[in-house]
K.L.:
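Can you read through this structure? Questions will come right after.
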Amino acid sequence: MTITSLYNIDHGMAYGLIIVAFPFFTGLSAGSFVVSTLSYVFGQERYKPIARTSVVLAIILLFMALLTLFADMTQPANFYWAIFRINPYSMFSLAGILIGLYLLMSLIYGYFIFNDNAPKARIMGILSIPVALAVHADTGFVFGLNYGTPIWHTALMPVLFVVSAIVSGLALLIVLTVIKDRLFSVVADKETVYSLGKLLAAFILVDLFLIFTDLVTMAYSGQEEYDAMILLTKGQFVVPFVGIEIFLGALIPVLILVLAKKNLIGHFIAGVLVVIGVFAMRYNVVIAGQTISKTGTGLVEFTGLTPTSFGYSHTAEILVVIGIFALGVILFLASAKYLNLDVVPMQANEKTVTSTESGQGGK
Amino acid sequence: MVIDLRKCVGCHSCAVACKSENNVPLGVHRSWVKQIEKGTYPNVAMPMLPRLCNHCTNPPCVKACPTKASYQRDDGVIMIDTKYCIGCKACIAACPYDARFINPKTMLADKCSFCDHRVDEGLEPACISTCIGRARIFGDIDDPESEVSRIKNTNNVVVLKHEARTLPNVFYINPDSDVMMHVTEGEEQGGRTE
Amino acid sequence: MNISRRTFLKSSAVLGGAAVGLPALISASKESTPDMALENKGLSDPVEGKDNVEIKYSVCLMCHSACGIRAKIKDGVLIKIDGNPYHPNCMEPHIPFDTDPAEAIKYVGSVCVKGQAGIKEIYDPLRIKHPLKRAGPRGSGKWQVITWEQAVEEIVEGGDLFGEGHVDGFRDIRDLDTPINPDAPELGSKANQLCVMVGRAEHGRKEFTDRFFKSAFGTVNYRNDHTSICETSHHVGLDLCLDGKHHIKPDIINSEYILWFGTSPVEANFPMQTLARKLMEFKARGGKMVVIDPRFSNTAAKADQWVPIKPGTDAAFALGMMRYIIENGRYDTEYLENTTKDAAANDKHKTWGDATYLVRLDDMTMLRADDAGIADGTHDQFVVINGGNPVAFDSVEHGDLETDTTVNGIACKSVFTLLKERVNEKTIEEYAQICGMESEVIEQVAYEFTEHGRKVCADFYRGPVQHTNGTYNARSIAILNFLVGNVSWKGGCEAHGGSHWHETGGKSGNPYNLAKELHPGKVNATGVPIERHKVKYEDSTEFGKNGYPARRPWFPFAYNFNHQEVIPSIGMEYPYPIKALVLIKANPNYSTPAGRIYEEVLKDTKKVPLLITFDTNYGETSALTDYILPDRKYLERYATPHVAPAVLTTVSGIRTPVVDPVYPDTMIVEDFLIQVGKRMDLPGYGDNGFGKGDPLNTAADWYNKCFVNIASEGDGVAGFTEEERLQYVLARGGRFEDYEKAYSGKYTTHGYKKQVFIYSEKLAKQKDSMTGKPYDGLPLYQPLMDCMGNEVKDAGYDFHLNTYKQVYHCQSRTAHNEWLMEILPENPIEISAADGKRLGIRNGDMMKVTSPTNAEGVIGRAQLREGLRPGVINISHHYGHWEYGSKPHKENGADTGSASYIGKGVSGNPVMRLDPYLNDVTLQDPIGGSSSFYDTKVKLVKV
């Protein structure tokens, strides 16, 4: 028996590329933030050289994420209602609050770091970590609590988002550290990079396991979940999912990290691949998720876009994402120029040692 | 609302009546008729399914709205207070029925309102009064004496995605399971064949 | 929501404002008709309130069903169309006619998808907004905006209008005294060289244009309307079965079992919404319906059984059924044995048949009492066998059904015996084989058809008749009803319906007889129409000279004109050349099978020296003309539409403008013709148009009288004066008989009460103008044939091209309607899933369809359907326009604009097969004159 759709309305996808970028940026932000706390909060002193970079990155990325949200709204001028009319049941409403809170806290945290106020930074870091993770977990909930979208609607979604946030944060820092090392003659602490690499490989494996359990569960679920699983593994998303997200963005980097334990360039390549893979993961969640028609027969095409502040077209969406990305790069370069991100390990050597000692003493 | 699918002839009058009554722009629909063809020649069926907002008793869109612009009236009708709408599309993503959309003219979230402006004046919604097969019955489902309650209670009625616990208030008599749910089309992905 | 509504009003108003270009130079109807305007008697709309809101009743014209509508107008802009609850098309039961309009506002009738989209018609920005004259060769797309006065002058007076030499105007053409051809005086006067083609003539306007062209101008080519590209053989076939009636419908509400041959009443047919509503009620009560159609239509989807018959074999199916019914004695003997009305009345029947009448086998005519040697027998009396003796039919109540005898030396058989012999010519298996199905299907349908007494009906519409064997198919199906004696019974076959009151007068109570007394100086148009309908070749001079075959076929039975023959006949100048062609709401190039080839004739200024069209948009045909005169849309004008016999109560809808003309420099056709009539001093126009002191100066003068006639006929509606009665019907959108009047006891009140004919002596006596062979008076299955009677086989063309109407479109004229085009922006080429699989065709593949007479073909997207008989492909109508706003024209050098969505999809008409003998016209039914829409064999190639 064949079923042919003769007529149905699909109102297209609610979310397009801009909202693909949103969890990508929040994820990177949360990941960077967590990495920055490795030294100040968890006392992993060898990560200290990257603490400033990562906190600045976290703030910039969060700002970029906020921009994507505004860009995707059709009535951004009304945004204040989201503050005055909070809906506790709405993950979107909570996302706004959490992002605001997180932005504020990470600014304070960053301020302490730049003032070398390690104890206050530590306290602020401890307070901020749950918020940073909550931001991203909530982003997971923003998608995960939608019953009608099979790829989204899983309890794993917030966990997946948090783990992939850490993965992407780690990868980004590896990449940036190596770049600084090669292009800006800021000598990287290779061991830091290699240990970040180990951490990254571990988190990737956790991520892969989560994805695996999710897929298996989908395969044993209802029609829509099954169709979604087929869509990802055999259907039109086989390249972005199996090809980019799994192979290119996870398996190959793990292989590199394991085989080239002491190779800076290898780590760089792995990091780049992981960042690409995480972007693919966001794409696969947001776009593939909406590809399974809620009520229709067959698939929704990624063409009938719901409008954003910038209209309907893919071109506009791509330009907006590129624009926000470019703004992020500019902000980062500016901060690199004006904020002396790398001065910490050299100038404050003594203090560093001291704090290391105290850190060790703490153990 | 009860829709007796035995009487739906797939004429799309409801869809265009809605466009006209509510001035819905091209490209988006508050009301439409899904139609599929199933079977193998010559044993074929062409089930229809008029679609609109289900005005759920447990509405996920209202929960998802960050500004409480989407709300439930006392009589159960789900409405959008457009002055609070920020256009974030959370409600669109939350609706498991694809009943919501961004109106390209107003750039606000939009959907079927059960023709509240007509109902409040004692008229039926536009889709009801123009249904040529008389498949649609509208009324107060909470009033056990109403025609709509009587028909709902004495027929095999089904709602869309019952398992979603949205408690829809659009009830279908005699629907086809394949038109009610998402199915994979044709042979594209193996489909629900044989 | 309020915000968006206001936005709409504003944009519409801007549209209207933009239209104000040239002022209306001749007084438009609106200014001169204050008395005609429906006064807004304080009716308040519950939703919009009273402010600036008007409620006006009118009648829809999105298809020809003529459903009543109630328009809501806010600040002069039409914002919503609803159904008129007084109108039986729109409500079941409709509200009593004496309901106060203020009370009626609480009830809302239904209108279908097209009716709802009517708003988009008037505010269509691509409408033609001014009178246009071509500014280049025909079809160049270059136009000059002219005034209405110039249009009247040039069309009447002629002259060197285009710098291409002298063109005769109407005044020159109207020569009522000189014969066109002195050697063939039967062709009539030179006035016949004005030829008119109306697409769909609506009542009110039809009577008006007939008055103008036929009774004032004096041409026999006064209408030539569309029916032969619609379903004329349905009418002609029924006309040869019934006395003067030509449309049957089941009394659905009380029926138990309905057979639909080749029609989809929940999508098409008419009134579609009424049929759909009644059928769903019928289904809810447990009624059973069978759809016999190669396409799995929406109706088939609602039916209990779908019989995917091979196209064009409906007669074989019906004959197979008849064989089963007769073999098993499942016919109504009592009914069939009746010989006269009185005999039928004794059996409580309203109708009677001819089954017992004797037919002489020598010339296949009816045996007459005088020839039978019956004492005092006259030639008007038929003969039946009663008690073994031949007797005059009206001297006895019953005759023997089965008779094979010799009377007065003449070998005779009864009609019933002939029918029995006819159906026994083939076995049911053989019939089933022709139809491409198992014989059990025919037997089972025949069994069930005869299991419900008189509460059954076998109905059909366009499907079985737009074939070369259309009339025979029609008769074969209709006769099924006669075998069960269901005509005019409650729940049976309705052949009359409630009908209408008479707008042009002539009946009791009508104050104005518009066609007689009120047409002073009326002339009598005589002669042979250009497409030779309703005339016999044998009466022509040509026949005397050449005998058979004629140069082109003649259609003595096609009383409804032959639309597709007009332009090819003009091209052949047969039987005479013409001087001017006037198109009114007609688009033959798009709408007629293979009509695209008409372009050659229409572009030839020698064959068609003057070519005028009344149109609202740049139609495919209008784009080739000399003058386009912009008509107004239905919501801006008048009419008195009738409804089909699906409605059993009497209905006369009244269409009046609901809004001021959106584009003021447009004009109602009637107004223009009045200007022409006045300029030419034609009889019946001007200050004394209706007689001394009674003017016909505007369309409103005409319709005022039409409406008063409707309001006054019989007992008339409530009101002491004409004005009161007029306002009474205007306030209700027409005059409507109350619902409970539909039935009288076991019968329909207005049902057909005359004889039904199984045998058509008229057919048997007439020879075909091409083959010279007589037609067959019995039901008959014939294969596909050309006009010379040769079977058309087209080996190598494996697919059968079928076409149908989408529920959300109407003919050629809705492709510009955004709301309707939005539903299905592009129609596919539907291919059976089995064929698709076999040939490796997938959904969305671009396919080319070619036929033996169109190798260029048409191209569209494939859609595989299980609900389609393998071997048949389906292309719906309405799409694939190559003009109609899909490309821009130039008016005074400026671009008119276009819309890309209009030309989408594919039309099957251009590939339809030409008659292999004539090669300039589609295949046709030689009897009914139907053009063949469903007989083309095609090839399917991937592009």
Side-chain angles (χ1 to χ4, degrees), chain B residues 4 6-27 29 32-33 35 37-48 80 82 103 105-106 108 110 113 115-124 126 128-135 185-188, chain C residues 1-5 7-8 46-47 79-83 92 106-117 119-120 266-267 272-274 276-277 279-281 283-284 296-302 306-308 807-808 818-820 822-823 832-834 842-843 864-870:
Chain B
D4 186 346
R6 295 169 301 189
K7 290 184 162 189
C8 172
V9 298
C11 70
H12 302 269
S13 301
C14 45
V16 177
C18 177
K19 290 239 146 176
S20 179
E21 180 71 34
N22 297 302
N23 194 18
V24 181
L26 294 176
H29 300 257
W32 69 94
V33 184
Q35 203 172 344
E37 181 184 76
K38 57 180 266 182
T40 309
Y41 175 87
N43 302 310
V44 199
M46 202 194 290
M48 334 273 182
I80 302 168
T82 51
N103 181 320
K105 282 234 173 92
T106 62
L108 293 160
D110 201 339
S113 64
C115 281
D116 61 309
H117 58 293
R118 285 172 70 103
V119 173
D120 289 349
E121 299 297 337
L123 289 179
E124 291 179 318
I128 305 271
S129 59
T130 210
C131 177
I132 71 169
R134 303 298 186 264
E185 185 174 11
E187 300 162 341
E188 293 289 316
Chain C
M1 194 177 311
N2 287 330
I3 296 164
S4 62
R5 186 164 305 188
T7 315
F8 172 75
V47 176
I79 58 169
K80 183 74 173 47
I81 293 172
D82 285 313
E92 190 96 25
K106 296 174 191 160
Y107 300 90
V108 186
S110 59
V111 281
C112 77
V113 54
K114 302 178 286 293
Q116 290 284 358
I119 296 171
K120 286 278 170 190
V266 309
E267 287 175 285
M272 180 276 277
Q273 66 152 331
T274 316
R277 180 182 70 229
L279 277 172
M280 293 308 104
E281 187 56 38
K283 288 288 302 161
F296 188 72
S297 59
N298 282 9
T299 312
K302 307 312 285 185
W306 173 46
V307 180
V807 61
Y808 32 78
E818 290 173 325
W819 281 344
L820 300 178
E822 186 190 14
I823 299 173
S832 138
R842 294 173 69 89
N843 278 327
L864 302 185
R865 295 291 290 265
E866 292 288 350
L868 181 59
R869 184 187 170 84

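Labels below follow one simple rule: chain letters A, B, ... track the order of the sequence lines, proteins then strands, and each chain is numbered from 1. Worth knowing before you read on, the calculation uses all heavy atoms, side chains too, and leaves out hydrogens, waters and symmetry mates.
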K.L.:
Atom SG of B:C131 and atom CZ of C:R277: how far apart are they, to the nearest 0.5 Å?
P.N.:
11.0 Å
K.L.:
To the nearest 0.5 angstrom, please state how far the CD1 atom of C:I81 sits from the CD atom of B:E21.
P.N.:
12.0 Å
K.L.:
Tell me, side chain or backbone of C:A117 under 4.5 Å from chain B's heavy atoms, or both, or neither?
P.N.:
both
K.L.:
Among all residues two or more places apart in sequence or in another chain, which pass the side-chain contact (heavy atoms from CB on, under 4.5 Å) test with B:Q35?
P.N.:
A:L6, A:Y7, B:H12, B:M46, B:M48, C:N298
K.L.:
C:V113 versus chain B, heavy atoms under 4.5 Å apart: side chain, backbone, both or neither?
P.N.:
both
K.L.:
Could you check whether any side-chain N or O of B:T130 sits under 3.5 Å from a backbone N or O of C:S110, counting only pairs where one atom can act as donor and the other as acceptor?
P.N.:
no
K.L.:
Is C:F296 in contact with chain B via its backbone, its side chain, both, or neither, using a 4.5 Å heavy-atom distance?
P.N.:
both
K.L.:
Can you name the side-chain contact (heavy atoms from CB on, under 4.5 Å) partners of C:A276, sequence neighbours left out?
P.N.:
B:V9, B:I132, C:V266
K.L.:
Is a side-chain donor or acceptor of C:K106 paired with a backbone partner of B:L123 at a separation under 3.5 angstrom?
P.N.:
no
K.L.:
For chain C, which of B:G133, B:G10, B:A17 has the most heavy-atom pairs under 4.5 Å?
P.N.:
B:A17
K.L.:
If we only count heavy atoms from C-beta on, is the C:P308 to B:P42 side-chain gap below 4.5 Å?
P.N.:
yes
K.L.:
Among the options C:E818, C:K283, C:E92, C:K302, pick out the one with the most heavy-atom pairs lying under 4.5 Å from chain B.
P.N.:
C:K302
K.L.:
State whether the side chain of B:E37 and the backbone N or O of C:E866 hold a donor-acceptor pair below 3.5 Å, judged by distance alone.
P.N.:
yes
K.L.:
Tell me the closest heavy-atom pair linking C:W306 and B:V44, and the distance in Å.
P.N.:
CZ3-CG2, 3.9 Å
K.L.:
Ion pair present between B:K19 and C:E822, side-chain N to carboxylate O less than 4.0 angstrom?
P.N.:
yes
K.L.:
Side chains of B:S20 and C:I119, heavy atoms from C-beta outward: is any pair under 4.5 Å?
P.N.:
yes
K.L.:
Could you pull out the closest heavy-atom pair between C:M280 and B:R6, with the gap in Å?
P.N.:
SD-O, 3.5 Å
K.L.:
Can you name the nearest heavy-atom pair linking B:V16 to C:W819, along with the distance?
P.N.:
CG1-CE3, 3.9 Å
K.L.:
Give the intermediate values and the outcome of salt bridge (Lys or Arg N to Asp or Glu O under 4.0 Å) for residues C:E281 and B:K7.
P.N.:
CA-CA 8 Å; C:E281 187 56 38; B:K7 290 184 162 189; 3.5 Å; yes
K.L.:
Given that the side chain runs from C-beta out, which part of C:L279 has a heavy atom under 4.5 Å from chain B: side chain, backbone, both or neither?
P.N.:
neither
K.L.:
Taking atom OH of B:Y41 as the centre, does the number of heavy atoms from other residues, nucleotides or ligands within less than 6.0 Å exceed 12?
P.N.:
yes
K.L.:
Take B:S13 and C:C112, measure what side chain to side chain contact (heavy atoms under 4.5 Å, CB included) needs, and give me the verdict at the end.
P.N.:
CA-CA 5 Å; B:S13 301; C:C112 77; 3.8 Å; yes
K.L.:
Return the CD to SG distance between C:Q116 and B:C14, rounded to the nearest 0.5 Å.
P.N.:
9.5 Å
